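Read the structure below first, then the notes.
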Number of protein chains: 2
Amino acid sequence: MEPKEILKNKGIKITKGRTEILSILKNSENSLSAEKIYQIYKSNNININLSTVYRTLELFEEKEIIEKITLNDGVFSYKLKGKTHRHHLECDICHKEVEIPCPMLQIQELVQNATGFTLTDHDLVMKGVCKDCKKKQ
Amino acid sequence: MEPKEILKNKGIKITKGRTEILSILKNSENSLSAEKIYQIYKSNNININLSTVYRTLELFEEKEIIEKITLNDGVFSYKLKGKTHRHHLECDICHKEVEIPCPMLQIQELVQNATGFTLTDHDLVMKGVCKDCKKKQ
DNA sequence: ATGTATGCAAAGTATTTGCACAATC
DNA sequence: GATTGTGCAAATACTTTGCATACAT
């Protein structure tokens, strides 16, 4: 889907900045920081302000177009939301269940940074104890 | 093992600040931010400077006593290193292998923040493609 | 006694915000 | 034309650093 179409579907007013930032994100395999997006934007000889970049990213995140993750460098990075699946997590003790969005996006980035490997698939099973049962232990 | 003993083993000069910060970390189940450690420290009616806290944490991280992770609030948190295992990652194409430290510590904290669940165990299998093979694709 | 740790103040980096002007629908 | 977006400058939040003094070995 075209960037403009995506914006329209989400009820976001179309501006040059938003369209451009969205296509920068679409064209990137890795997550990008606000600063990096700003650099790429400017390298196309168009002007934009860094705070506009931040505001746009904030908006995209609210509208669930992108995901904000933090790598281990203390900088936020942003990445288009893919088909996001969820994981079940069941308390070992009382068997209460919760669902969480798959946390692997973050791991993918960490692994890519550390090793250069691009993750293509994963299988993650987690075991845990819920807050209430933890207290009673 | 006692905080002072740990410091001694690692060849770190023993000071009141270091000993205290280490025992704060030992007594906490969750990861703690520098600011939180600072608050706890002062709530014991002892004085310390926030930059000393940061410097101490940096030292502990270098000496591999603690691990620095970042949650989704943009603040670094620190946690005692447990028995850290590693994961194998094999390239789907050329079968080259790399090892990475388990990236789940960060995820554990994220899950705990989001759901209250304390993870007790996990099984993580990852598949991926190395940088070189990725390029050739 | 020597080398290292700490407190303090100031700088650095990433991100957010207020306001006036500009662009979109 | 009304509403919303953007640039600019300043503010904020977290972390790091330089320097003089204090402490541990």
Side-chain angles (χ1 to χ4, degrees), chain A residues 3-22 24 31-42 44-63 65-79 109, chain B residues 2-24 31-42 44-63 65-79 109:
Chain A
K4 288 192 186 179
E5 232 181 308
I6 297 175
L7 296 177
K8 194 158 200 179
N9 285 348
K10 293 281 184 176
I12 297 175
K13 205 184 267 184
I14 293 168
T15 69
K16 201 161 96 178
R18 288 169 179 178
T19 313
E20 182 66 17
I21 289 171
L22 189 47
I24 289 172
S31 64
L32 299 171
S33 65
E35 180 67 33
K36 228 175 249 161
I37 292 170
Y38 178 60
Q39 297 302 341
I40 295 174
Y41 201 128
K42 290 205 303 183
N44 301 341
N45 288 314
I46 333 176
N47 254 5
I48 194 167
N49 193 276
L50 187 54
S51 32
T52 303
V53 175
Y54 276 109
R55 281 191 275 229
T56 302
L57 292 170
E58 193 186 6
L59 176 70
F60 287 177
E61 199 202 352
E62 273 169 34
K63 299 289 186 178
I65 297 171
I66 61 174
E67 193 159 337
K68 183 183 190 178
I69 60 182
T70 134
L71 307 181
N72 281 331
D73 55 1
V75 177
F76 288 113
S77 283
Y78 303 84
K79 186 169 200 177
E109 294 291 319
Chain B
E2 280 290 297
K4 288 192 186 179
E5 232 181 307
I6 297 176
L7 296 177
K8 194 157 198 178
N9 285 347
K10 293 280 182 176
I12 297 175
K13 206 183 266 186
I14 293 168
T15 67
K16 201 161 97 179
R18 290 169 176 177
T19 313
E20 181 65 18
I21 289 172
L22 189 48
S23 59
I24 289 172
S31 64
L32 298 171
S33 66
E35 180 68 33
K36 225 174 253 161
I37 292 170
Y38 178 59
Q39 296 303 342
I40 295 172
Y41 201 129
K42 289 205 303 183
N44 301 340
N45 288 315
I46 332 175
N47 255 5
I48 194 166
N49 192 277
L50 187 52
S51 34
T52 303
V53 175
Y54 276 108
R55 280 192 275 229
T56 303
L57 292 170
E58 192 186 6
L59 176 70
F60 286 178
E61 199 202 351
E62 274 168 32
K63 298 288 185 178
I65 297 172
I66 62 175
E67 193 157 338
K68 183 182 191 179
I69 60 181
T70 131
L71 308 180
N72 281 332
D73 54 1
V75 177
F76 288 114
S77 282
Y78 303 84
K79 187 168 200 175
E109 294 291 319

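This is a predicted model, so every value here is computed, not measured. Numbered from 1 within each chain, the chains take letters A, B, ... in sequence-line order.
Rounding to whole angstrom units, CD of residue E20(A) and P of dT6(D) are separated by 13 Å. Atoms CZ (R18(B)) and C1' (dT25(D)) sit 13 Å apart, rounded to a whole Å. The nearest whole Å value for the distance from the CG atom in L71(B) to the C1' atom in dC14(D) is 14 Å. Here dA13(D) presents its C1' atom at 11 Å from CG of D73(B), a figure rounded to the nearest Å. The NZ-P distance, from K36(B) to dT15(D), rounds to 12 Å in whole Å. A straight line from NZ of K68(B) to C1' of dC14(D) spans 11 Å, rounded to a whole angstrom. As a whole-Å value, the separation of I37(B) CD1 from dT15(D) C1' is 14 Å. Rounded to whole angstrom, the span from the CD1 atom of I69(B) across to the C1' atom of dC14(D) amounts to 17 Å.
A distance of 11.0 Å separates CD1 of I69(A) from OG of S33(A), quoted to the nearest 0.5 Å. The distance from atom CG of L32(B) to atom CD1 of I24(B), rounded to the nearest 0.5 Å, is 8.0 Å. For the atom pair OH (Y41(A)) and CD1 (I46(A)), the distance works out to 5.0 Å, reported to the nearest 0.5 Å. Within the model, atoms CD1 of I40(B) and CD1 of I48(B) stand 12.0 Å from one another, a figure rounded to the nearest 0.5 Å. Distance check, rounded to the nearest 0.5 Å: OG of S77(A) to CG of L71(A) gives 4.5 Å.
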Please test K63(A) against L59(A) for side-chain contact (heavy atoms from CB on, under 4.5 Å), starting from the C-alpha separation and ending with a verdict. CA-CA 6 Å; K63(A) 299 289 186 178; L59(A) 176 70; 4.2 Å; yes

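Boundaries of the chain A contact region on DNA chain C are dA14(C) to dC25(C), first to last in 5' to 3' order (nucleotide atom under 4.0 Å from a heavy atom).
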List the atom pairs, with distances to 0.1 Å, where a side-chain N or O of residues 12-22 of chain A and a protein N or O form a donor-acceptor pair under 3.5 Å, not counting sequence neighbours.
residue : atom : partner : partner atom : Å
T15(A)  : OG1  : R18(A)  : N            : 3.2
R18(A)  : NH1  : K13(A)  : O            : 2.9
T19(A)  : OG1  : T15(A)  : O            : 2.7
E20(A)  : OE2  : N44(A)  : ND2          : 3.0

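Residues forming a side-chain contact (heavy atoms from CB on, under 4.5 Å) with F76(B) (at least two apart in sequence, or on another chain): K68(B), T70(B), Y78(B). Under the side-chain contact (heavy atoms from CB on, under 4.5 Å) criterion, N45(B) pairs with no residue at all, not counting sequence neighbours. Under the side-chain hydrogen bond (donor to acceptor under 3.5 Å, both in side chains) criterion, K8(B) pairs with no residue, sequence neighbours left out. When the side-chain hydrogen bond (donor to acceptor under 3.5 Å, both in side chains) test is applied to K10(B), no partner is found at least two apart in sequence or on another chain. The salt bridge (charged side-chain N to carboxylate O under 4.0 Å, His left out) check on E109(B) picks up K79(B), with sequence neighbours excluded.
Direction change of the helix axis from one end of the helix from dA1(C)-dT25(D) to dC25(C)-dG1(D) to the other is 40°, with five pairs defining each end axis (rounded to 10°).
The residue among I12(A) and F76(B) whose nearest nucleotide of DNA chain D is located toward the 5' end is I12(A).
When the shell of 6.0 Å around CD of Q39(A) is examined, it contains more than 12 heavy atoms from other residues, nucleotides or ligands.
Pairs engaging residues 47-62 of chain B under the side-chain hydrogen bond (donor to acceptor under 3.5 Å, both in side chains) rule: N49(B)-S51(B) [sequence neighbours left out].
Near-neighbour residues of DNA chain C inside residues 44-56 of chain B, defined by a heavy atom below 4.0 Å, number-ordered: N47(B), I48(B), N49(B), S51(B), T52(B), R55(B).
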Using the 3.5 Å cut-off, write out each protein N or O paired with an N or O of nucleotides 22-24 of chain D and the distance between them.
residue : atom : partner : partner atom : Å
dA24(D) : O3'  : I14(B)  : O            : 3.3

